[in-house]
Amino acid sequence: MKAIFLATVFLASAVIAAGVTGTAFGMATGTTGGGDATPAAPSDLALLETWLSDDTARVILIDKTFDFTSSLGTTTSAGCYQVCDVYNGGQDYIGTLSCSGSTMTAVSSITYNAAGASPLLVNSNKSIVGVGSAGIIQGRGLRIYSASNFIIQNVHVYNINPQYVWGGDAITIQDADMVWIDHCKFSLIGRQMIVSGYAPAGHVTISNCEFDGRTYWSATCNSQHYWTLLLIGSKDFYTFSGNYLHHLSGRAPHYGISTSGATNIFHAVNNYFENMSGHAFDIEANTWSLIEGNVFSNVTTPMTAPSTTKSNAIFDVPSGTESACTSILGRACVANSLLSGSGALTGVENTEALTQLAAVGASRIVAVTAVSGVAASVKASAGIGKL
Ligand SMILES: *[C@@H]1O[C@H](CO)[C@@H](O)[C@H](O)[C@H]1NC(C)=O
Ligand SMILES: *[C@@H]1O[C@H](CO)[C@@H](O)[C@H](O)[C@H]1NC(C)=O
Ligand SMILES: *[C@@H]1O[C@H](CO)[C@@H](O)[C@H](O)[C@H]1NC(C)=O
């Protein structure tokens with residue numbers, strides 16, 4: 001018994017010492033975060049906040065739940081109840097911005113946890129790594145602001161004022177570059193699970209993450225979270241790969257912005273979308289998208305209709321066009337798969353999307369695998385505790 005126990009402890013510490021598993025790939029290739037700084041676990045909330053924001057390269061271990069929910073007290077502001085309010089499965093709004101229309105009722109006072117609306121600031125050269133399946137940051141998100149070279153891996157960001165729209169985002173990427181978000185999980189978030197500001201988010205890879213939209217408080221009144229990914233930076237490059245998105249009703253993902261001069265190159269590859277009563281892709285102008293090898297199972301709207309009418313270029317590999325990629329990307333693309341219960345994915349084959357993607361450089365374009373294995377492999381590996 002004793003020998004087995006000691007062996008287990010030894011293995012656990014070997015895992016801790018390893019820090020980040022694997023290497024950033026896709027658009028975020030070259031991102032090293034805290035590099036080879038000695039991994040260390042902060043003892044409390046205050047030390048985690050300091051380590052995230054200071055000028056030292058760090059590998060920060062999240063070895064337990066860091067619960068910020070009540071750490072900054074509460075705030076009260078005006079707001080509005082929507083037609084299905086929080087007591088009836090809806091999500092109410094902080095502030096009166098969205099209060100117009102017959103489905104909204106202005107109210108003078110909504111009380112929420114202040115920490116949710118005040119994300120932790122993250123400086124450059126940081127890795128945040130969850131240990132085993134213990135890594136949870138609760139009640140407060142992270143904001144990479146005027147910073148670069150950031151890795152977050154194997155962490156669950158959880159329970160940020162989920163009753164309230166504008167109650168807080170899980171990860172904000174604003175005026176940044178070189179960001180790798182890998183094997184994370186997001187659930188019960190007030191606003192966006194991942195959001196950019198209007199400034200460049202830069203080169204970002206979002207891989208092997210679980211976006212779990214099950215909620216008691218739904219802006220769309222259907223037990224599903226609407227605010228998933230809103231990526232509207234002015235010069236952005238995304239690899240979105242191997243993610244598991246389920247029970248979401250919108251913006252899963254939404255990217256691009258109509259502002260003149262903005263550019264967003266988006267490679268969505270081998271993701272699995274399941275049981276979504278709403279939309280997955282919602283694509284704005286000034287974007288170049290390759291959407292390949294994804295599987296949609298029981299997803300009402302794989303891509304919104306307006307996505308194909310904007311001034312953008314989409315290549316979503318309609319069946320029979322796979323080989324159109326070969327001369328531009330050096331390999332064939334893989335068609336997406338629509339399983340039972342899914343609406344149609346409008347086929348678009350604008351090869352300008354491929355040309356722009358190729359211009360980013362072959363080393364930032366990830367390989368694609370056959371769709372037949374995607375559902376099983378994504379379910380097995382996306383989220384936390386899977387490394
Ligand atoms: C991050 O690392 C780079 C490269 O070593 C360095 O130039 C920069 O000053 C660092 N930034 C901070 C905030 O430590
Ligand atoms: C999706 O719905 C089906 C049918 O209700 C169910 O079997 C499956 O487990 C659901 N998926 C998730 C992630 O809950
Ligand atoms: C489809 O997804 C919905 C949730 O969006 C779920 O209630 C339903 O059971 C799913 N149906 C099937 C056949 O998977």
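In listed order, ligands and their atoms are each counted from 1. Quick note: numbers below take in every heavy atom, side chains included, and nothing from hydrogens, waters or symmetry partners.
With 3.5 Å as the limit, one finds a donor-acceptor pair spanning the side chains of W227 and Q91. Judged by distance alone, the side chains of S70 and N113 never bring a donor and an acceptor atom under 3.5 Å apart. Remark: the Y255 side chain and the S289 side chain contain an N/O donor-acceptor pair separated by less than 3.5 Å. Residues S241 and S207 have side chains that never bring a donor and an acceptor to within less than 3.5 angstrom of each other.
Hydrophobic clustering (ILVMFWY, side-chain heavy atoms < 4.5 Å, transitive): L345 and V317 are in distinct clusters.
Residue-ligand proximity: N149 is placed with every non-hydrogen atom at 4.0 Å or more from ligand 1.
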Tabulating one pair per line, provide the atom names and distances (0.1 Å) for every N/O atom of ligand 3 that is less than 3.5 Å from a protein N/O atom.
residue  : atom   : partner : partner atom : Å
ligand 3 : 2 (O)  : N298    : ND2          : 2.2
ligand 3 : 5 (O)  : Q224    : NE2          : 2.8
ligand 3 : 5 (O)  : N275    : O            : 3.4
ligand 3 : 5 (O)  : S277    : OG           : 2.8
ligand 3 : 11 (N) : N298    : ND2          : 3.0
ligand 3 : 14 (O) : N298    : ND2          : 3.2

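Heavy atoms of Y244 found under 4.0 angstrom from ligand 2 belong exclusively to the side chain.
Ligand 1 has a nitrogen or oxygen under 3.5 angstrom from a nitrogen or oxygen of N125. Checked against a 3.5 angstrom limit, the closest N/O atoms of D55 and ligand 1 fall inside it.
With sequence neighbours excluded, no residue forms a ring pair (Phe, Tyr, Trp, His ring centres under 6.0 Å) with F150. Residues passing the side-chain contact (heavy atoms from CB on, under 4.5 Å) test with D63, sequence neighbours excluded: A41, F66, V131. Residues passing the side-chain hydrogen bond (donor to acceptor under 3.5 Å, both in side chains) test with Y272 are E274, sequence neighbours excluded.
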